[in-house]
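Please read the structure below before turning to the comments.
Since the model is a prediction, treat every value here as computed from it, not as a measurement. Hydrogens, waters and symmetry mates are skipped; everything else that's a heavy atom, side chains included, is used.
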Amino acid sequence: MSSRLVNVRLDEDRLRKVRKLRERGVVLADLVREAIDEQFEAVTVAERPRDVEAIMTRIFEQYPDPPGVQPRTYDVHDRREARHAIVGTLRRKR
């Protein structure tokens with residue numbers, strides 16, 4: 001493995017913290033590598049495709065329809081039917 005040197009500028013407060021960490025035996029290179037790996041994992045997890053069905057199931061469990069709501073007269077998964085119903089509702093309310 002070839003490695004590269006990376007310089008980082010630190011303010012006085014962080015330099016003080018670095019000195020204290022060194023005194024306690026912390027290897028700064030290992031600390032930086034771990035921080036990079038953790039941050040990279042967090043970023044790449046956010047880029048992975050999400051399980052939309054699981055997300056929607058949790059939302060519907062958390063926020064169910066209130067009692068007394070009439071069942072819909074159209075298929076919410078059919079965009080034409082949904083559009084027709086939404087446009088009709090908007091026209092009636094004006």
Side-chain angles (χ1 to χ4, degrees):
M1 168 179 99
S2 69
S3 58
R4 308 282 300 245
L5 177 64
V6 177
N7 291 319
V8 177
R9 295 180 194 273
L10 300 175
D11 59 21
E12 289 300 319
D13 188 45
R14 288 196 175 101
L15 187 57
R16 179 187 56 77
K17 292 175 184 177
V18 164
R19 288 183 179 138
K20 216 170 233 288
L21 289 170
R22 279 186 181 162
E23 289 172 8
R24 300 208 173 154
V26 174
V27 179
L28 294 177
D30 292 342
L31 182 70
V32 171
R33 289 182 190 109
E34 289 172 12
I36 290 170
D37 291 343
E38 287 175 15
Q39 189 65 37
F40 183 80
E41 182 65 27
V43 169
T44 56
V45 165
E47 292 174 352
R48 293 182 190 145
R50 296 186 174 136
D51 184 2
V52 176
E53 285 188 32
I55 293 170
M56 293 307 297
T57 300
R58 276 197 314 260
I59 289 171
F60 288 133
E61 287 172 356
Q62 192 172 2
Y63 303 103
D65 284 339
V69 171
Q70 297 293 324
R72 291 176 184 85
T73 59
Y74 62 93
D75 180 7
V76 296
H77 302 289
D78 182 335
R79 66 183 180 93
R80 287 183 183 92
E81 284 186 34
R83 181 181 187 282
H84 181 72
I86 291 168
V87 168
T89 301
L90 291 174
R91 281 191 182 138
R92 280 193 300 268
K93 288 187 178 180
R94 285 187 182 173

Ignoring hydrogens and geometry, is there a side-chain-to-backbone donor-acceptor pair from Glu81 to Tyr74 under 3.5 Å?
no
Atom NE2 in His84, atom OG1 in Thr73: separation rounded to 0.5 Å?
8.5 Å
Please step through side-chain contact (heavy atoms from CB on, under 4.5 Å) for the pair Leu31 and Leu28, ending with a clear verdict.
CA-CA 5 Å; Leu31 182 70; Leu28 294 177; 4.2 Å; yes
Contacts satisfying side chain to side chain donor-acceptor pair (under 3.5 Å) that involve residues 23-39 (not counting sequence neighbours) are Asp30-Arg33
Apart from Phe60 itself, what residues make up its hydrophobic cluster when side-chain heavy atoms of I, L, V, M, F, W and Y under 4.5 Å apart count as a link, directly or indirectly?
Val52, Ile55, Met56, Ile59, Tyr63
Kindly state each residue pair satisfying salt bridge (Lys or Arg N to Asp or Glu O under 4.0 Å) with at least one member in residues 52-62, sequence neighbours excluded.
none
Can you hop from Val26 to Val8 via hydrophobic side chains spaced under 4.5 Å?
yes
Could you give the distance from CG (Asp78) to CZ (Arg83), rounded to the nearest 0.5 Å?
12.5 Å
